[in-house]
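Encoded as structure tokens, the structure appears first; notes follow it.
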Amino acid sequence: MHQLPPPVAASLITERLIIKSPTVDDAAAMLAFRIATREHLQRWEPARSDAFYTLAAVESQLRDMLHQIRNQSAVYWLLHARQQQEQQGESKIIGACSFTNIVRGAFQACHLGFSLAREYEGQGLMHEALQAAIADLFNHHGLHRIMANYKPHNQRSGQLLSRLGFEREGLARAYLHINGAWADHVLTSLINPQQAGGQ
């Protein structure tokens, strides 16, 4: 029988990042991130209405995220640049990652999602964040598999997942409705190395 995981940690610290679990106080910073990355992330996300980019929508999403965290059906992280946070006291969000659709029982798996502001790309920051977040998920929550899917021409995400050890498992046709159209996605997964031997 699988034991229930411990409560989600409030934060993870890496060399360049402070990775925080969201709170209701993050609404304004989340809205700023959402507005700043609207054009940049548009081609990788479902079509969004203008209402999505309002404080009320962010506050509603935060309440839903916190409910999922309490129910242990998801883990969410917000990324902050450590130097800005420690030296300037800024709470600016530069990225986010999530482990959603957590299923226990015989499956013990979830889906990974992530996003990063354009100006912080190409510096290895998301790789740094996901290394810490994945280690936390495997070590403290005991999941067996993390699934991550990306559009075939999204080479940056594909390369990132490969560096993290994700293995390609196939191609799903018309898998997700992204930016107004059904899009094929490459399916990948990462197995908990502590359970790779069938334990």
message: Minimum heavy-atom separation for Ala129 and Leu79, please, with both atom names.
response: CB-CD2, 3.6 Å

query: Any link between Phe52 and Leu41 through a network of hydrophobic side chains (Ile, Leu, Val, Met, Phe, Trp, Tyr) touching at under 4.5 Å?
result: no

Shared hydrophobic cluster for Leu190 and Leu171 (ILVMFWY, side-chain gaps under 4.5 Å): yes

Heavy-atom pair with the smallest gap, counting every atom of Ser98 and Tyr76: CB-CD2, 3.5 Å

- prompt: Within a strict 4.5 Å, meaning less than it, do heavy atoms of the Thr37 and Ser115 side chains meet?
  reply: no

- prompt: Using a side-chain heavy atom cutoff under 4.5 Å and only I, L, V, M, F, W and Y, what cluster partners does Ile18 have?
  reply: Ile13

task: Please name all residues satisfying side chain to side chain contact (heavy atoms under 4.5 Å, CB included) with Ser73, sequence neighbours left out, ordered by chain then number.
output: Gln68, Asn71

task: Report yes if the side chains of Ile102 and Leu143 come closer than 4.5 Å at any heavy-atom pair, otherwise no.
output: yes

field: Where at least one partner belongs to residues 46-59, residue pairs that pass side-chain hydrogen bond (donor to acceptor under 3.5 Å, both in side chains), sequence neighbours excluded
entry: Arg38-Asp50

message: Whether the side chain of Asp184 engages the backbone of Ala174 through a donor-acceptor N/O pair (distance < 3.5 Å, no angle test) should be reported.
response: yes

task: Run the salt-bridge test on Glu128 and Arg82 with the 4.0 Å N-O cut-off and return the result as yes or no.
output: no

query: Would you say Arg145's side chain and His111's backbone share a donor-acceptor pair under 3.5 angstrom?
result: no

message: Counting only heavy atoms from other residues, nucleotides and ligands, does the tally under 6.0 Å from CD of Glu167 exceed 12?
response: no

message: Measuring only between side-chain heavy atoms, which start at C-beta, is Phe138 closer than 4.5 Å to Pro193?
response: yes

query: For the side chain of Thr23 and the backbone of Asp25, is there at least one donor-acceptor N/O pair under 3.5 Å apart?
result: yes

- request: Could you check if a side-chain atom of Cys97 sits within less than 4.5 angstrom of a side-chain atom of Leu130, using non-hydrogen atoms only?
  value: yes

message: Please tell me whether Ile134 and Val103 are part of a single hydrophobic cluster in this structure, the criterion being side-chain heavy atoms less than 4.5 Å apart.
response: no

query: Is it the case that more than 12 heavy atoms not belonging to His67 sit under 6.0 Å from its NE2 atom?
result: no

message: Show the nearest heavy-atom pair for residues Val58 and Ala27, with the distance to one decimal.
response: CG1-O, 3.5 Å

message: Quick check for you: to the nearest 0.5 Å, what is the distance between Ser189 atom OG and Leu161 atom CG?
response: 10.5 Å

query: From Ser91 OG over to Met30 CE, what is the distance, rounded to the nearest 0.5 angstrom?
result: 12.5 Å

Atom pair NE2 (His80) and CZ (Phe33), whose distance is rounded to the nearest 0.5 Å: 10.5 Å

query: What's the spacing between Gln123 CD and Tyr120 OH if we round to 0.5 Å?
result: 8.0 Å

statement: In terms of heavy-atom contacts, Ala132 and Ile19 come closest through CB-CD1, 4.2 Å

- prompt: Would you find a donor on one side and an acceptor on the other, under 3.5 Å apart, between the side chain of Asp26 and the backbone of Ala29?
  reply: no

- request: Taking the side chain as every heavy atom from C-beta outward, state whether Met147 and Thr188 have any pair of such atoms under 4.5 Å apart.
  value: no

message: Minimum heavy-atom separation for Leu78 and Ala96, please, with both atom names.
response: CD2-CB, 4.2 Å

- request: Ignoring hydrogens and angles, state whether a donor on the side chain of Gln194 or Asn139 is under 3.5 Å from an acceptor on the partner side chain.
  value: yes

- prompt: Do Leu187 and Phe107 share a hydrophobic cluster (ILVMFWY, side-chain heavy atoms under 4.5 Å, transitive)?
  reply: no

query: Can you find a heavy atom in the side chain of Leu17 that is under 4.5 Å from one in the side chain of Leu125?
result: yes

field: Residues Glu119, Lys92: salt bridge by 4.0 Å N-O rule
entry: yes

field: Donor-acceptor pair, side chain of Gln195 and main chain of Gly142, under 3.5 angstrom
entry: yes

message: Could you measure the distance from the CD1 atom of Ile146 to the CG atom of Leu137? Nearest 0.5 Å is fine.
response: 4.5 Å

- request: Using salt bridge (charged side-chain N to carboxylate O under 4.0 Å, His left out) as the criterion, list what pairs up with Arg70, not counting sequence neighbours.
  value: none

- request: Could you grab the distance from atom CG of Leu160 to atom CD of Glu121, nearest 0.5 Å is fine?
  value: 10.5 Å

statement: Taken in chain and number order and not counting sequence neighbours, the residues that satisfy side-chain hydrogen bond (donor to acceptor under 3.5 Å, both in side chains) with Arg168 are none

message: Checking Ser21 against Trp77 for the side chain to side chain contact (heavy atoms under 4.5 Å, CB included) test, could you report, in this order, the C-alpha distance in whole Å, the side-chain angles of both residues, the deciding distance, and whether it holds?
response: CA-CA 5 Å; Ser21 184; Trp77 296 110; 4.1 Å; yes

- prompt: Are the side chains of Pro22 and Leu62 in touch, meaning some heavy atoms are under 4.5 Å apart?
  reply: yes

message: Is any side-chain heavy atom of Val186 closer than 4.5 Å to one of Lys151?
response: no

- prompt: Restricting to pairs with a member in residues 150-192, which pass ring-ring contact (aromatic ring centres under 6.0 Å, His included), not counting sequence neighbours?
  reply: Trp44-His153, Tyr175-His185, His177-Trp182

- prompt: Can you tell me if Gln72 and His141 form a side-chain donor-acceptor pair at under 3.5 Å?
  reply: no

